[in-house]
2 protein chains.
Amino acid sequence: MRKPRRARTASFRQTATNDESGDLSSPLANSPGFLLRLAQLRTFDEFYRSFAGLGVTPAGFSVLALIAANPGVRPGTIGEELRMKPSNVAALVNMLAAAGYVQRKTDASEMRASLLHITEAGAEAWREMEQIHRETDARLMEHLTSTEREWFVALLRKFLRR
Amino acid sequence: MRKPRRARTASFRQTATNDESGDLSSPLANSPGFLLRLAQLRTFDEFYRSFAGLGVTPAGFSVLALIAANPGVRPGTIGEELRMKPSNVAALVNMLAAAGYVQRKTDASEMRASLLHITEAGAEAWREMEQIHRETDARLMEHLTSTEREWFVALLRKFLRR
DNA sequence: TATTGTTATACTCTATAACTATA
DNA sequence: TATAGTTATAGAGTATAACAATA
């Protein structure tokens with residue numbers, strides 16, 4: 001359920017346009033798509049560093065977060081929110097259920113749907129993870145000023161709006 | 001060498017803090033790590049949409065870009081720059097070589113190293129891809145004003161600096 | 001017949017290990 | 001012995017297909 005993450009260091013110094021320290025020309029150094037890819041790699045690295053030993057992946061963490069904040073939420077809703085396929089949501093819920101963090105119930109008025117609830121153990125684990133996650137995000141952003149952080153999040157949100 | 005990408009729609013409307021349109025509470029809606037993850041998913045979706053039929057993945061594209069811009073570059077340098085393991089760089093170079101886009105030569109003064117060069121066919125393919133990539137990035141950013149775009153890229157670069 | 005969800009499985013990407021050749 | 005690169009392979013994540021149950 002875990003995943004090691006390690007890689008030779010990457011670096012993108014900022015110069016007028018693209019190049020790197022030595023003499024390497026990086027034609028993608030200003031490509032938002034490429035930069036987002038590297039940014040997410042860094043994000044996962046930090047996640048695994050913080051959550052080592054907790055037995056959760058980023059995906060599992062995000063599913064648990066949604067269930068904790070929305071008791072009775074349905075798998076389909078989680079999939080839309082997190083852009084996961086229904087089958088993969090089910091697999092993650094299975095793992096969370098096996099860990100004793102989550103329970104499936106069935107909606108009396110909609111017998112097809114299953115309603116996801118967090119258990120007491122799940123709520124406790126979530127409280128701990130929430131704290132670690134806050135610290136992880138803080139570490140991710142530590143090179144930015146507080147104004148830059150606000151802009152960064154706001155721009156990411158606008159980037160995602162459709 | 002391709003990869004389909006499709007998912008049920010995700011949406012994060014912006015409100016004061018976190019919630020979603022209906023009534024879903026999204027505790028991660030302001031988490032940079034989570035937002036970066038979604039942003040990259042969108043990036044890959046757009047990439048595959050644009051490059052459908054061209055037989056390149058984002059990774060292969062980025063390797064070709066570096067070789068095109070840096071004739072004689074070495075696999076190790078590419079790995080550092082793109083945060084790929086040496087073994088995976090080799091596999092991608094194999095694919096690009098099989099496509100006739102890239103050639104391996106050996107450095108006379110460093111017989112261990114292999115120097116990567118783009119072929120004529122590769123250069124031509126790259127010119128086409130470069131154009132498509134520019135359009136893809138433009139589409140990605142179309143919801144942002146030009147000031148926001150500059151900020152977004154600048155902040156991503158700063159976020160990645162170490 | 002369409003929708004919701006689950007299981008099973010195939011495919012792709014990334015990481016690790018073993019190996020060759022050169023320094 | 002350490003470094004650069006490659007091959008082979010295992011593991012994790014994601015997608016597709018088939019199915020059951022309900023609407």
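Bear in mind the structure is a predicted one, so any value in this text is a computation, not a measurement. Letters go in sequence order (proteins before strands), and every chain restarts at 1.
- Residue B:Arg37 places no side-chain N or O under 4.0 Å from the OP1 or OP2 atom of D:dG13.
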Contact letters for nucleotides 17-23 of chain D, in which S counts primed atoms plus P, OP1 and OP2 and B counts the base, heavy atoms under 4.0 Å:
----BBS
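- Contact check, B:Ser114 against D:dT6: a side-chain N or O comes under 4.0 Å of OP1 or OP2.
- Interatomic distance, A:Trp151 CH2 to B:Leu155 CG, rounded to the nearest 0.5 Å: 8.5 Å.
- Rounded to whole Å, the distance from OH on B:Tyr48 to C1' on D:dT14 is 11 Å.
- Between A:Asn94 and C:dT6 there is no side-chain N or O to OP1 or OP2 distance below 4.0 Å.
- Between C:dT6 and A:Arg74, no contact under 4.0 Å exists linking OP1 or OP2 to a side-chain N or O.
- The side chain of B:Asn88 places no N or O atom within less than 4.0 Å of a non-bridging phosphate oxygen (OP1 or OP2) of C:dT12.
- Applying the salt bridge (Lys or Arg N to Asp or Glu O under 4.0 Å) rule to pairs touching residues 96-117 of chain A yields A:Glu110-A:Arg112, sequence neighbours excluded.
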Solution key, residues 34-41 of chain A side-chain donor-acceptor pairs under 3.5 Å, sequence neighbours excluded:
none

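- Protein atom NZ of B:Lys85 is 19 Å distant from nucleotide atom P of D:dA10, rounded to whole Å.
- Among residues two or more places apart in sequence or in another chain, the side-chain contact (heavy atoms from CB on, under 4.5 Å) test is passed with B:Ser146 by none.
- Rounding to whole angstrom units, CE of residue A:Met84 and C1' of C:dT6 are separated by 16 Å.
- In terms of the side-chain contact (heavy atoms from CB on, under 4.5 Å) criterion, residue partners of A:Ala65 (sequence neighbours excluded) are, by chain and number, A:Trp126, B:Pro27, B:Leu28.
- In this entry the distance linking CG of B:Leu82 with P of C:dC13 reads 15 Å, nearest Å.
- Taking atom CZ on A:Phe61 and atom P on D:dG13, their separation rounds to 16 Å, with Å as the unit.
- One interatomic measurement links the two molecules: CE of A:Met95 to P of D:dG13, which rounds to 7 Å at whole-angstrom precision.
- Protein atom CG of A:Leu116 is 12 Å distant from nucleotide atom C1' of C:dT4, rounded to whole Å.
- A 6.0 Å sphere centred on CD of B:Glu135 holds more than 12 heavy atoms belonging to other residues, nucleotides or ligands.
- For A:Phe44 and D:dG11, the CZ to P distance is 21 Å, given to the nearest whole Å.
- For residues 137-156 of chain A, the salt bridge (Lys or Arg N to Asp or Glu O under 4.0 Å) pairs, not counting sequence neighbours, are A:Glu46-A:Arg139, A:Glu148-B:Lys158.
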